[in-house]
Structures are given as structure tokens and as C-alpha cells.
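One-based numbering, in listed order, for ligands and for the atoms of each.
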Amino acid sequence: MNGKFITFEGPDGAGKTTVMNKVVEQFRQEIGDQLLVTREPGGNKISEQIRRVILDRDNTEMDYRTEALLYAAARRQHLVETIIPALEANKLVLCDRYVDSSVAYQGSGRQIGMQQVARMNEFATENLMPFKTIYFDIPVEVGLNRIAEHRDRSKIDRLDVETIQFHKRVHQGYMKVREHYQDRYISIDATQSFDQVVSETIKIIHRIASDYFKES
Ligand SMILES: Nc1ncnc2c1ncn2[C@@H]1O[C@H](COP(=O)(O)OP(=O)(O)OP(=O)(O)O)[C@@H](O)[C@H]1O
Ligand SMILES: Cc1cn([C@H]2C[C@H](O)[C@@H](COP(=O)(O)O)O2)c(=O)[nH]c1=O
């Protein structure tokens, strides 16, 4: 596979999705169809259906391992149907969340165990991991406040309404993953202004995927 796989990670409300939408406006002009932008859970019909089940706030009885398995199932379908074909077509793939989210949220946040969740995801992904991960670094409270202040109530999901203790464990999980994968992780201070974060993200992607931007 010749394409390049880059993931965006971070706690809820860090700004990943809004920043991705903005940087993609520029990248589309620069490299057009060479770019695939996608997200987890989701990215295709089946995985988006699984996303709705996972994030539905009425599904209060969902067992934590069921949740972890559903994320992994959505990921498997996304990988096979969406990501791998794009990488085979030599595309630059930008994905909002991937395996590290499961390790941080289910492994650490839900206290299932980071290694167990990582192992289950090795099965789901056959060890296909990103080339680089851009981490949106933000204190948990700042991210959650952004969601509380700005997000449309109908879009607040089952994970957003978890306790602050849960979100702090997720953050601790991310810190361990980042420490473990120092060569893969690139952190951005996501408390900066939106324009600063966008500009830094564009610079990083231009650098780490420079082969796509040579002509522009
Ligand atoms: N740098 C920034 N400064 C202030 N507000 C921001 C910044 N970046 C994004 N926001 C706002 O914060 C809110 C959360 O952003 P966004 O939904 O992109 O976060 P996210 O990381 O994708 O969160 P989640 O993973 O929970 O979906 C949005 O209302 C967005 O407009
Ligand atoms: C991939 C993945 C995601 N999550 C959590 C993280 C968020 O709270 C939601 C996804 O929503 P987003 O607004 O699109 O970021 O799900 C998770 O717990 N485990 C995962 O593997």
C-alpha cells in the first residue's frame, strides 16, 4: 500500500472535527481526490449504523465490553471498505480517531484494561496502524466546557455525558499511549485560537505528507 494514513486524536471537545473540516478546504484545492477524509466510528454505511447504536443516549444499559467490541467492529468494516482501498489507491487518508481512541476510552476510561483493548484491536485491524497521529492536547475541563457551551443539545452523545472522572481517565490513557508511541505522535496545543491550531495543523501535514503537496 502506497498511501499515507494520518489520524487525529484527543479528548472530547479538543476541536479535531472543526479543525479537520477547515484544513480540508485548503487540501482539497491542493490535492483534490488524492485526499480521503473520514471518521470513527463511522465512515461508511455499516460503520455509521454501528455509530448510532454506540452513541445513542438511550442505550444506558450497554455493557462496557459490548461497547469496546462495537467500536472494533465498526473499525474493521471501515478499514476494509474505506481505508485500505484508499491507501491502495495511493491516497492521503485523514481519519478523525482510530485504535488509540479505543485504548484511551474503553481501555482506560472504562477500565477494561489498555493492553486487552489494544490486543482486541490488533485482531480487528490486523495491525494496520497510522503513519502519524496528530494529538490535540487540551485539559479535559476546557474540552468539556466547549461542548457544553457550543454543541447543539441534540448532538450531545452517550460518551459526552460521562462523568468528569471518566474523561480524566481517558486523558491519562492518552498520555500513556502518547508516551509509548513517541515516534508516531505529534502534539498540538489545542487551547490556542482556532486559527492558530488550523495553521499549525496545515504546517504539520504539509511536512509529514510532503510528497502529496510537491506540485502545489
Ligand atoms: N481552538 C479553538 N478555540 C475555541 N473553540 C474551539 C476551538 N476549536 C474548536 N472549538 C469549538 O469547540 C467545540 C468542539 O469542537 P469539535 O467538535 O471540533 O471537537 P472534537 O475534538 O471533534 O470533539 P469530539 O471528539 O467530542 O467530537 C466546537 O464548538 C468548536 O467550534
Ligand atoms: C473511535 C472511538 C471513539 N470513542 C468515543 C469518543 C467520542 O466521545 C465518541 C465519538 O464521537 P466523535 O464526536 O466523532 O469524536 O466516541 C470511543 O470511546 N472509542 C473509540 O474507539
Please report, to 0.1 Å, the donor-acceptor pairs under 3.5 Å made by any side chain of residues 112-122, with sequence neighbours excluded.
residue, atom, partner, partner atom, Å
N121, OD1, R75, NH1, 2.6
N121, ND2, V117, O, 3.0

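What sits closest to atom 29 (O) of ligand 1 on the protein, heavy atoms only, is H150 CB, 3.1 Å. Atom 2 (C) of ligand 1 has its closest protein heavy atom at R146 NH2, 3.3 Å. Shortest contact from atom 22 (O) of ligand 1 to any protein heavy atom: T17 OG1, 2.5 Å. Nearest protein neighbour of atom 17 (O) of ligand 1, counting heavy atoms only, is R151 NH2, 2.9 Å. Among all non-hydrogen protein atoms, the one lying nearest atom 23 (O) of ligand 1 is G13 N, 2.9 Å.
Within 4.0 Å of ligand 2, heavy atoms belong to protein residues D12, E40, P41, R51, L55, Y71, R75, R97, S101, S102, Y105, Q106, L159.
Compare L159, D12, T18 by their heavy atoms: the one nearest to atom 28 (C) of ligand 1 is in T18.
The line from CG of D12 to CZ of R146 is 12.0 Å long, rounded to the nearest 0.5 Å. Put simply, CD on E200 and CD1 on I205 are 11.5 Å apart, with the number rounded to the nearest 0.5 Å. Atoms OG and CZ, on S47 and R76 in that order, are 11.5 Å from each other to the nearest 0.5 Å.
Looking at A14 next to ligand 1, an N or O pair under 3.5 Å apart turns up. Remark: ligand 1 and K16 share an N or O pair separated by less than 3.5 Å (distance only, no angle test). Checking only distances, G15 does come within under 3.5 Å of ligand 1, N or O to N or O. Geometrically, ligand 1 and V197 share no nitrogen or oxygen pair separated by less than 3.5 Å.
When each atom of ligand 1 is checked for a heavy atom of R97 under 4.0 Å away, the hits are 25 (O). Within the listing of ligand 1, atoms 26 (O) sit less than 4.0 angstrom from a heavy atom of I147. Atoms of ligand 1 lying under 4.0 Å from at least one heavy atom of S193, given by number and element, are 1 (N).
None of R184, K176, K132 except one satisfies the salt bridge (charged side-chain N to carboxylate O under 4.0 Å, His left out) rule with D100; the exception is R184.
Looking at K168 and E141, a side-chain N of the basic residue comes within less than 4.0 Å of a carboxylate O on the acidic one, giving a salt bridge.
Under the side-chain hydrogen bond (donor to acceptor under 3.5 Å, both in side chains) criterion, T7 pairs with T133, not counting sequence neighbours. When the ring-ring contact (aromatic ring centres under 6.0 Å, His included) test is applied to F27, the partners found at least two apart in sequence or on another chain are H206, F213.
Formation of a donor-acceptor pair under 3.5 Å by the D96 side chain with backbone atoms of K16 is not found in this model.
Using a non-hydrogen distance threshold of 4.0 Å, Q192 registers as a contact of ligand 1. The closest approach between a heavy atom of E149 and any atom of ligand 1 is not below 4.0 Å.
Inspection of the Q106 and Y71 side chains reveals no N or O donor paired with an N or O acceptor under 3.5 Å. Counting only N and O atoms by type, the side chains of R97 and Y105 include a donor and acceptor under 3.5 Å apart.
Between Y98 and F5, the ring center distance clears the sub-6.0 Å criterion.
For D63, the CG atom counts as densely surrounded, since its 6.0 Å shell holds more than 12 non-hydrogen atoms of other residues, nucleotides or ligands.
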